[in-house]
Amino acid sequence: MKQLSVIVPCYNEEENVRDFYDELCKNTDFFRKKQIELEILYVDDGSNDKTAFEVKKLHEEDERVRLISFSRNFGKEAAIYAGLQKCRGDFAVLMDADLQDPPSLLPKMYEYIEQGYDSVATRRVTRKGEPPVRSFFARMFYRLMNKISKTEIVDGARDYRLMTRQVVDAILAMAEYNRFTKGIFGWVGYQTKWLEYENVERRKGETKWSFWKLFLYSIEGIIAFSTVPLTIASVMGVLFCVFAFGMIVVTIVRKLAFGDPTSGWPSLVCIIMLVSGVQLFCLGILGQYLSKTYMEVKRRPIYLVREEIEGKEIEK
Ligand code: UDP
Ligand code: MG
C-alpha cells in the first residue's frame, strides 16, 4: 500500500473544509484501485473562525483526516512548508481549500507520475473572474520576474502540484525563511509535466489575498530569486558618474573658451534632486536585501504549532 498526502492550507475556510473533503473523496475509489490510501492534511493557518473545529469533526468521521493548527497566521507559504514537513505520503499534493484546484484533475495527474514524471504542476490559462487590474499586474510581474531571474517562474502557475517524495524532500531541504514557493519549485527542477485548465472561481468565502498583500509577496519573490535589482543600482551609479564627468568637462571648456559664467540655479537644484532620488532608491534596494538577510540570519522558526491531530498510520 502506498500513500498520497493531500496538503490543504486553510485560513478562515470553515465553509469550505467539508465541501473540499466531499469533492476530494470522489477520487478515493480511483486511488484504492491503484493501491493508494489518501491522507488529508489540513493546515489551519491561525484561522479565527471554526476551521479547526470543522476539521476535527471530519477527523471523527474519517481517520485519514489530520490537522495541524498554527499558533497564529503565518501565511500560506508557511502552511505549505509545514504540510510538506509533516506529511507521510510517498506522494504529496498541494491544494487550496476553496476548490479552485479541482480535485477531479487528480487521477490524470497521478497517471503522469506513473509514467515517470517527478512532479505534475498545473497552470490556469485564463484569469476569468479576477479583477482586471490584478490580472494586469500579475502578468507584468511574471514578465519582469522571468527577465531578471534565472529560475523559471511560469505565468498562471498554481501551487496545485503533485510530487514524489524525492521532490518533497528537495523542497524541504530549502529551509529558507523567506519562502516563495513558485520560485522554489522552479529552482529544484525535476521532470515536471504541466497541465492546463480554465480558472475556477472560489466556491465560498473571499480571497485572503488583498492587492497590497500580493504586491508585497511579489517583491518578496523578486528579492528571493534575483539579485538583478542590486546590479541595477550599481549600473545606475556608473551611468550617473559618467554623465557628471561629461558635464564637468563641458563646464570647464565653456568657461575657458567663452568665459561663460556658469549659471543656472534651477537646473542645479533639479540635478541634485534627481541624483539624491536615485541614491535613495538604490539604498532602498540594498535595504530590501539587507532586511531579508536579517530575517534569514535570525533563524526564526517558519511556523509554530498550537495543536496537532494525527491521522491513521497505514501499513506500507
Ligand atoms: N491561505 C492560507 N494562509 C493565508 C492566506 C491563504 O493558508 O494567509 C490559504 C487559503 O485558505 C486557501 C489558499 O491559501 O486555501 C489560497 O488562498 P486564496 O483562495 O485566498 O487565494 P487566491 O486563490 O485568491 O489566490
Ligand atoms: Mg483561492
Side-chain angles (χ1 to χ4, degrees), residues 5-24 40-55 58 65-87 92-103 105 121-139 141-142 153-161 177-182 185 197-218 220-221 302-307:
S5 301
V6 181
I7 298 162
V8 198
C10 301
Y11 178 49
N12 294 343
E13 302 279 7
E14 58 180 6
E15 307 153 291
N16 289 316
V17 167
R18 181 165 292 269
D19 286 9
F20 176 84
Y21 173 82
D22 291 340
E23 276 304 312
L24 181 71
I40 309 162
L41 176 51
Y42 286 94
V43 185
D44 167 23
D45 182 12
S47 305
N48 32 37
D49 65 355
K50 292 210 200 89
T51 302
F53 176 73
E54 290 293 328
V55 177
L58 280 182
V65 175
R66 290 174 66 187
L67 169 71
I68 301 173
S69 260
F70 286 177
S71 61
R72 64 168 170 86
N73 180 241
F74 280 89
K76 187 183 177 188
E77 297 292 341
I80 290 178
Y81 185 71
L84 290 174
Q85 227 174 21
K86 304 270 178 180
C87 76
V93 60
L94 301 171
M95 296 177 87
D96 286 2
D98 57 3
L99 286 167
Q100 275 191 298
D101 299 332
L105 271 179
T122 58
R123 62 185 286 259
R124 43 181 186 177
V125 280
T126 56
R127 285 179 172 272
K128 176 176 64 118
E130 210 184 46
V133 187
R134 181 178 284 209
S135 306
F136 173 75
F137 278 100
R139 288 227 175 78
F141 167 71
Y142 284 110
I153 291 157
V154 178
D155 185 4
R158 307 261 322 156
D159 291 332
Y160 186 18
R161 190 183 274 255
Y177 182 80
N178 297 289
R179 302 190 72 76
F180 184 68
T181 304
K182 286 182 172 59
F185 284 139
Y197 70 94
E198 299 255 320
N199 190 27
V200 184
E201 285 186 52
R202 168 180 264 281
R203 179 73 67 91
K204 285 175 187 161
E206 272 176 13
T207 175
K208 308 296 179 298
W209 294 84
S210 62
F211 188 79
W212 181 240
K213 224 171 152 187
L214 275 177
F215 177 74
L216 291 181
Y217 183 60
S218 67
E220 201 149 291
I302 294 172
Y303 62 90
L304 291 174
V305 176
R306 195 181 76 85
E307 188 181 14

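Counting starts at 1 for both ligands and their atoms, following the listed order.
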query: Taking the Mg ion (ligand 2) as the vertex, how big is the angle to OD2 in D98 and OE1 in Q100, rounded to 10°?
result: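 Output for this angle: 100°, rounded to tens.
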field: SB check K76 D96 (cutoff 4.0 Å)
entry: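 Answer for the salt bridge query: yes.
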Would you mind checking which non-hydrogen protein atom is closest to [atom], with the distance to 0.1 Å?
atom	result
atom 15 (O) of ligand 1	P9 O, 2.7 Å
atom 25 (O) of ligand 1	W209 CD1, 3.9 Å
atom 12 (C) of ligand 1	E13 OE2, 3.3 Å

- prompt: Below 3.5 angstrom, do we get any N/O pair linking R158 and ligand 1?
  reply: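 In this structure, R158 places no N or O atom under 3.5 Å from an N or O of ligand 1.
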- request: I would like to know whether I302 and Q85 meet side chain to side chain contact (heavy atoms under 4.5 Å, CB included); could you show each step before the answer?
  value: CA-CA 11 Å; I302 294 172; Q85 227 174 21; over 6 Å; no
query: Is a side-chain donor or acceptor of N12 paired with a backbone partner of N48 at a separation under 3.5 angstrom?
result: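 Answer holds: yes.
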- request: For ligand 1, indicate whether the residue N73 contacts it via side chain, backbone, both or neither (heavy-atom separation under 4.0 Å).
  value: side chain
message: Please work out, at 4.0 Å between heavy atoms, whether the side chain, the backbone, both, or neither of D45 comes within that distance of ligand 1.
response: side chain
task: For side chain to side chain contact (heavy atoms under 4.5 Å, CB included), just list the numbers for R18 and D22, CA-CA rounded to whole Å, side-chain angles, deciding distance to a tenth of an Å, and then say yes or no.
output: CA-CA 6 Å; R18 181 165 292 269; D22 291 340; 3.8 Å; yes
- prompt: Just one of L67, I68, I40 clears the side-chain contact (heavy atoms from CB on, under 4.5 Å) bar with V55, so which one?
  reply: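 Only match with V55 under side-chain contact (heavy atoms from CB on, under 4.5 Å): L67.
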- prompt: What atoms of ligand 1 come within less than 4.0 Å of a heavy atom belonging to K213?
  reply: 8 (O)
- request: May I ask whether E77 places a heavy atom under 4.0 Å from ligand 1?
  value: no
Worked check of side chain to side chain contact (heavy atoms under 4.5 Å, CB included) between V43 and I7: CA-CA 7 Å; V43 185; I7 298 162; 4.2 Å; yes
